[in-house]
Undergrad: 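Pasting in a structure now, in structure tokens, and then I'll have a few things to ask.
Hydrogens, waters and symmetry mates play no part in the numbers below; they use all other heavy atoms, side chains included. Throughout, residue positions are numbered sequentially from 1 according to the sequence presented.
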Amino acid sequence: ISKLTKGLKALAKQRKVEVMHGAGKFITPHTIQVETTDGNTTISFDHCIIAAGSSATRIPGFPYDNPRLMDSTGALALRDIPDRLLVIGGGIIGLEMATVDSALGSKISVVEWMDQLIPGADPDLVKPLQRRLQKRYQAIYLKTKVTRIEAQVSGLEVTFEGDNAPAPQVYDRILVAVGRRPNSSTLGAETIGIQVNERGFIQVDQQMRTNLPHIFAIGDIVGEPMLAHKATYEGKLAAEVIAGHN
């Protein structure tokens with residue numbers, strides 16, 4: 001990741017692109033305020049592309065201050081291999097991480113509230129995957145949810161609820177992978193009239209335009225699928241439209 005971002009920095013410098021680090025918020029349809037470590041700066045623009053991405057969804061009431069409870073970013077930065085790992089969420093991100101840790105020697109348990117892994121995917125595709133994973137993992141609990149996580153010296157004690165709920169179990173680490181939410185709440189997009197739906201996704205047309213014709217949005221913040229190659233394509237599309245291409 002650091003190698004990729006260094007490459008992007010060099011590309012930006014070559015093209016005389018000014019990069020500012022800070023929290024941006026719309027003030028008017030043609031200005032944003034950027035809160036930086038040196039104070040606030042106001043930037044005006046003719047066109048704007050919103051590419052603020054998404055964050056891991058958090059389940060209220062869990063002890064997020066405990067380093068043994070992780071999201072997918074934390075799971076990529078593990079310094080040791082947990083003996084017992086619980087993955088909350090049987091979607092693509094959760095299973096991707098579980099597969100890696102399983103190969104590294106962790107005993108994996110997966111808990112999923114829906115009645116199949118990777119909810120929304122074709123069940124005929126998921127069944128052979130589930131059969132394979134069941135042989136490799138310690139447990140897969142479907143139609144089950146976690147109601148409580150308590151920090152103990154020995155690990156994190158988890159209480160379950162649902163059709164296949166086991167008795168409380170203790171895990172070395174827990175990965176919460178119950179999806180991602182768009183980072184739209186702090187942008188001030190709605191205050192200048194940009195349409196945002198009830199789930200927080202910014203509404204765009206086929207050219208990535210918001211309802212304000214000079215403001216575009218791309219990537220996770222405009223909805224599924226939340227994938228990097230989709231965001232790259234949308235960014236190129238928005239830039240070409242702004243440049244006057246068809």
Undergrad: Within a 6.0 Å radius of atom CD on Glu18, are there more than 12 heavy atoms belonging to other residues, nucleotides or ligands?
TA: no

Undergrad: If you round to the nearest 0.5 Å, how far is CD1 of Ile49 from CZ of Phe216?
TA: 7.0 Å

Undergrad: Going by heavy atoms in the side chains, are Leu76 and Met97 under 4.5 Å from each other?
TA: yes

Undergrad: In Å and rounded to the nearest 0.5 Å, what is the CZ to CD1 distance from Phe26 to Ile194?
TA: 4.5 Å

Undergrad: Could you state whether Ile93 and Leu95 fall into the same hydrophobic cluster, counting links through intermediate Ile, Leu, Val, Met, Phe, Trp or Tyr residues with side-chain heavy atoms under 4.5 angstrom apart?
TA: no

Undergrad: Roughly how far, to the nearest 0.5 Å, is CZ of Arg209 from CG of Leu237?
TA: 10.0 Å

Undergrad: Asn66 and Arg68: side-chain donor and acceptor closer than 3.5 Å?
TA: yes

Undergrad: Find out whether Leu85 and Asp172 are in side-chain contact, i.e. whether some heavy atom of one side chain is under 4.5 Å from a heavy atom of the other.
TA: no

Undergrad: Calculate, to the nearest 0.5 Å, the distance between atoms OG1 and CG belonging to Thr99 and Leu133 respectively.
TA: 6.0 Å

Undergrad: State yes or no: do Leu156 and Leu86 share one hydrophobic cluster built from I, L, V, M, F, W and Y residues joined by side-chain heavy-atom distances below 4.5 Å, directly or via other members?
TA: yes

Undergrad: Please check if the number of heavy atoms outside Glu35 that lie under 6.0 Å from its CD is greater than 12.
TA: no

Undergrad: Run through Val222, Val241, Ile215 and flag the one making a side-chain contact (heavy atoms from CB on, under 4.5 Å) with Met208.
TA: Val222

Undergrad: Quick one: do Arg173 and Asp80 make a salt bridge, cutoff under 4.0 Å?
TA: yes

Undergrad: Should we say atom CD of Glu96 is surrounded by more than 12 heavy atoms from elsewhere, each under 6.0 Å from it?
TA: no

Undergrad: Tell me whether Ile50 is reachable from Val204 by hopping between hydrophobic residues (I, L, V, M, F, W, Y) whose side-chain heavy atoms are closer than 4.5 Å.
TA: yes

Undergrad: Rounded to the nearest 0.5 Å, how far apart are CD of Glu161 and CH2 of Trp113?
TA: 6.5 Å

Undergrad: Can you tell me how far the NZ atom of Lys25 sits from the OG1 atom of Thr186, to the nearest 0.5 Å?
TA: 8.0 Å

Undergrad: Could you tell me how the ring of Phe45 sits relative to the ring of His30: parallel (under 30°), tilted (30 to 60°) or perpendicular (over 60°)?
TA: tilted

